[in-house]
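Note on naming: letters A, B, ... go to the chains in the order of the sequence lines (proteins, then strands), and numbering restarts at 1 for each one. Since this is a predicted model, take the numbers as computed values, not measurements.
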There are 2 protein chains.
Amino acid sequence: MLTSRDWAEAALDAIGQRGVEGVAVEPIARDLGVTKGSFYWHFANREALLVAALQLWEARETDDVLERVRQETDPRARIQRLITEVNASRRASRIHTALSSATKPGFVRDYVERVSKRRLDFIQDCYAGLGLGAETARRWALMTFSVFLGALQIRRDLPGEWPTADEPAFGDYVKFLMVTLVPPDLDGDDAATTDAAPAGTAARNG
Amino acid sequence: MLTSRDWAEAALDAIGQRGVEGVAVEPIARDLGVTKGSFYWHFANREALLVAALQLWEARETDDVLERVRQETDPRARIQRLITEVNASRRASRIHTALSSATKPGFVRDYVERVSKRRLDFIQDCYAGLGLGAETARRWALMTFSVFLGALQIRRDLPGEWPTADEPAFGDYVKFLMVTLVPPDLDGDDAATTDAAPAGTAARNG
DNA sequence: CCGTGTCAATACGGCGCCGTATGGAACCGC
DNA sequence: GCGGTTCCATACGGCGCCGTATTGACACGG
């Protein structure tokens, strides 16, 4: 007795392990211990399964994560929370790299592009919360997002180089990322970095 | 009259356009205007074609690039040269992202891992040239390498966000990268960032 | 002319996958 | 019991690809 959600979950696993092209109906059916007959009851075709998997992915790795980060109100703490949240799951890393390198079905690319835009905009908002202007915030957001994406790949290609949340060196790395990925104190006289009227200058915390 | 090099070149194109799994003998043969009969004269099988393509890729995108960057002797100028070199080709970006997300043949993953290690070590040497200790240089190298890898993906997923070498905004971005990806002046009294050259950097294994 | 080497076309068997069609077992209300 | 619904199994045709013959066209030196 499977539900369509079970299939979507299995498809997401398959994406992480074998890539988007590795999402094949019959192998997944074997993994689930059933046959294709079950699949074509729940889904119209393979493409529908991919769409369901993508929706699951966006809900978990974007909606939920951003919601958790948003609960942090202090701008600096929010960025730090973002960095740690995003470096947590190893499974999510594999899925992300697999998705963002998909080529075959056009709608997968569109989907990834839309989600990436959402994430980048959110990071930009985080930096804007520090008092940066839109342009400068966008630059920093691109930097931070790039480091995130690059870290995913490094964790995959060079395991051991980039620490994960369960390793002791992880705290040091987050600190290192914070000092390089967060612009130095804006409250000082070095306010030339803000390219627009700073609505409210964020106070620094500890 | 084709040479095995022509096939390898076409395979590299196929990797950039359709991914590693998209390297299929018969479609490439159609692209080249011949049939499989030609292919199996030059190569034993599909795997041999992939190996040839990977060798071509390493020679062009690692050996040659690192050689050009090495000609820059000044440490800061060398890092800047590295950043600009590496952000030049759009084709190379697509190939890299496709390769670094391959899953199917194990030897492709091994190959990418080895090349990634070469690149990362080179970047670390660049930072060591600034006077940084091994540990600190490794951290900065991981940052810079991550930004490079992330930029590849952003150029692909969010075209227009990250400028390419032919756009006018490219110069500004390189400058921005330089100030954030190069530690502040070490010649000053703030030499605490150097980790004082420990005897062996055995902390990091292979 | 003949033999040999080079490069490519054609034909074939096989495999893994997609999607459809059909059947069947379990459960439901009645 | 009986039709209906739900969920899955089985069987089939088709496609795209791999790899292996086998044959052919075109050079070249003898």
Gap between atoms CD1 and C1', on B:I28 and D:dC18 respectively (whole Å): 13 Å

Atom CZ of A:R5: over 12 foreign heavy atoms under 6.0 Å: no

Enclosure of A:R91 CZ (heavy-atom neighbours >12, cutoff 6.0 Å): yes

Any side-chain heavy-atom pair of B:R155 and B:R94 under 4.5 Å: no

Whole angstrom value for the distance that separates P of D:dC17 from CG of B:N45: 17 Å

Closest to the B:R46 side chain, choosing from D:dC17, C:dC17, D:dG19: D:dG19

Interatomic distance, A:L50 CG vs C:dC18 C1' [rounded to whole Å]: 13 Å

Donor-acceptor contact below 3.5 Å, side chain A:R78 vs main chain A:R70: yes

B:E47 CD to D:dG19 C1', straight-line distance once rounded to whole Å: 14 Å

Ionic contact status for B:R138 with B:D125, cut-off 4.0 Å: no

Could I get a table of every N or O pair under 3.5 Å where one atom is in the protein and the other is in nucleotides 8-12 of chain C?
residue: C:dA8; atom: OP1; partner: B:M1; partner atom: N; Å: 3.3
residue: C:dA8; atom: OP1; partner: B:L2; partner atom: N; Å: 2.8
residue: C:dA8; atom: OP2; partner: B:S38; partner atom: OG; Å: 2.7
residue: C:dA8; atom: OP2; partner: B:H42; partner atom: NE2; Å: 3.0
residue: C:dA9; atom: OP2; partner: B:T35; partner atom: N; Å: 2.7
residue: C:dA9; atom: OP2; partner: B:T35; partner atom: OG1; Å: 2.9

Salt bridge flag under 4.0 Å for residues B:R118 and B:D63: yes

Atom-pair distance (OH on B:Y40; C1' on D:dT22), nearest Å: 16 Å

